[in-house]
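First the structure, in the form of structure tokens, and then the observations on it.
These numbers come from a predicted model, not from an experiment.
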Amino acid sequence: MARMPAQRPGKSFQSYQTPPAFLRAVRHLLDITDFDVDLAASADNMVTTRFYDEAYDSLKREGDWATGGWNYCNPPFSKLGPWVHKAATERLLGARVAMLVPASVGSLWWFDWVHKVASVRFLHPRLSFVGTGAPFPKDLALLLYSPALPAGYEAWRWLQ
């Protein structure tokens with residue numbers, strides 16, 4: 001029986017910048033002019049002027065995600081469980097979060113904190129992160145956590 005290749009979590013680059021065209025499509029989808037806060041960013045990859053970096057550690061802040069508007073999050077893909085858990089929890093406090101993640105529908109974090117919790121948009125076509133030149137090799141999803149949106153799934157042709 002063939003053996004699966006070993007996974008190497010956390011060994012790949014984790015700070016890809018979200019493409020501007022995708023961000024425009026998300027803002028259009030949400031009918032907003034801008035995001036309130038970028039929840040997992042640095043000065044090099046932020047998508048709005050107000051952002052939380054590693055030093056601030058937005059995962060440890062309770063209630064900071066409930067800003068009144070929509071927040072954006074492109075978390076490190078190597079440790080997604082804490083991010084989707086936090087988004088689901090903050091949603092109960094009124095937070096609205098648009099989160100870009102791999103469409104890892106078989107993972108435990110997906111089952112616990114995405115399925116029947118978030119409004120999910122499976123992306124078509126695939127994204128090419130800023131500076132990469134090629135599409136990301138895995139399918140991605142936009143998770144929308146909001147008290148006002150029902151949980152569910154749909155395919156979204158974000159690039160028109």
[X]: partners by ring-ring contact (aromatic ring centres under 6.0 Å, His included), with sequence neighbours left out:
X    : value
W113 : H85
F35  : Y72
Y153 : H115, F122

Transitive ILVMFWY side-chain link [X] to [Y], under 4.5 Å:
X    : Y    : value
V47  : V130 : no
L29  : L149 : yes
F111 : V117 : no
F51  : Y56  : no
M46  : M99  : no

First locate atom [atom1] of [X], then atom [atom2] of [Y], and finally report the distance between them rounded to the nearest 0.5 Å.
X    : Y    : atom1 : atom2 : value
H124 : W158 : NE2   : CH2   : 10.5 Å
K86  : C73  : NZ    : SG    : 11.5 Å
D38  : T18  : CG    : OG1   : 7.5 Å
N71  : T48  : CG    : OG1   : 9.5 Å
E90  : L39  : CD    : CG    : 9.0 Å

Would you call [X] and [Y] a side-chain contact if the rule is heavy atoms closer than 4.5 Å?
X    : Y    : answer
S128 : F136 : no
F129 : L140 : yes
L80  : P102 : yes
R27  : D34  : yes
L142 : F22  : yes

Decide yes or no on side chain to side chain contact (heavy atoms under 4.5 Å, CB included) for Y145 and V84, but give the supporting numbers first. CA-CA 9 Å; Y145 290 93; V84 293; 3.6 Å; yes

Distance alone, cut at 3.5 Å: any donor-acceptor contact between the side chains of R121 and S119?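 Yes - a donor-acceptor pair under 3.5 Å links their side chains.
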
Between [X] and [Y], what is the shortest heavy-atom contact and its length?
X    : Y    : answer
A40  : P75  : CB-CA, 4.2 Å
P147 : R96  : CD-CG, 4.2 Å
Q17  : D44  : OE1-O, 3.7 Å
A118 : L143 : CB-CB, 4.3 Å

One pair to check against side chain to side chain contact (heavy atoms under 4.5 Å, CB included): L123 and L100. What are the steps and the verdict? CA-CA 10 Å; L123 306 183; L100 180 63; 3.7 Å; yes

Stepwise, does the side chain to side chain contact (heavy atoms under 4.5 Å, CB included) test hold for D139 with R126? CA-CA 7 Å; D139 292 324; R126 287 188 172 177; 3.0 Å; yes

According to the interplanar angle, ranging from 0 to 90°, do the rings of W83 and W65 count as parallel (below 30°), tilted (30 to 60°) or perpendicular (above 60°)?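 Ring orientation, 0 to 90° scale: parallel.
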
Give a yes or no on this: more than 12 heavy atoms of other residues, nucleotides or ligands lie within 6.0 Å of atom CD of E154.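 Check passes, neighbour count above 12.
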
Take atom CG of D31 as the centre, draw a 6.0 Å sphere, and report whether it contains more than 12 heavy atoms from other residues, nucleotides or ligands.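 No, the 6.0 Å shell around CG holds no more than 12 heavy atoms from other groups.
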
For side chain to side chain contact (heavy atoms under 4.5 Å, CB included), just list the numbers for W70 and L144, CA-CA rounded to whole Å, side-chain angles, deciding distance to a tenth of an Å, and then say yes or no. CA-CA 9 Å; W70 278 94; L144 301 174; 4.1 Å; yes

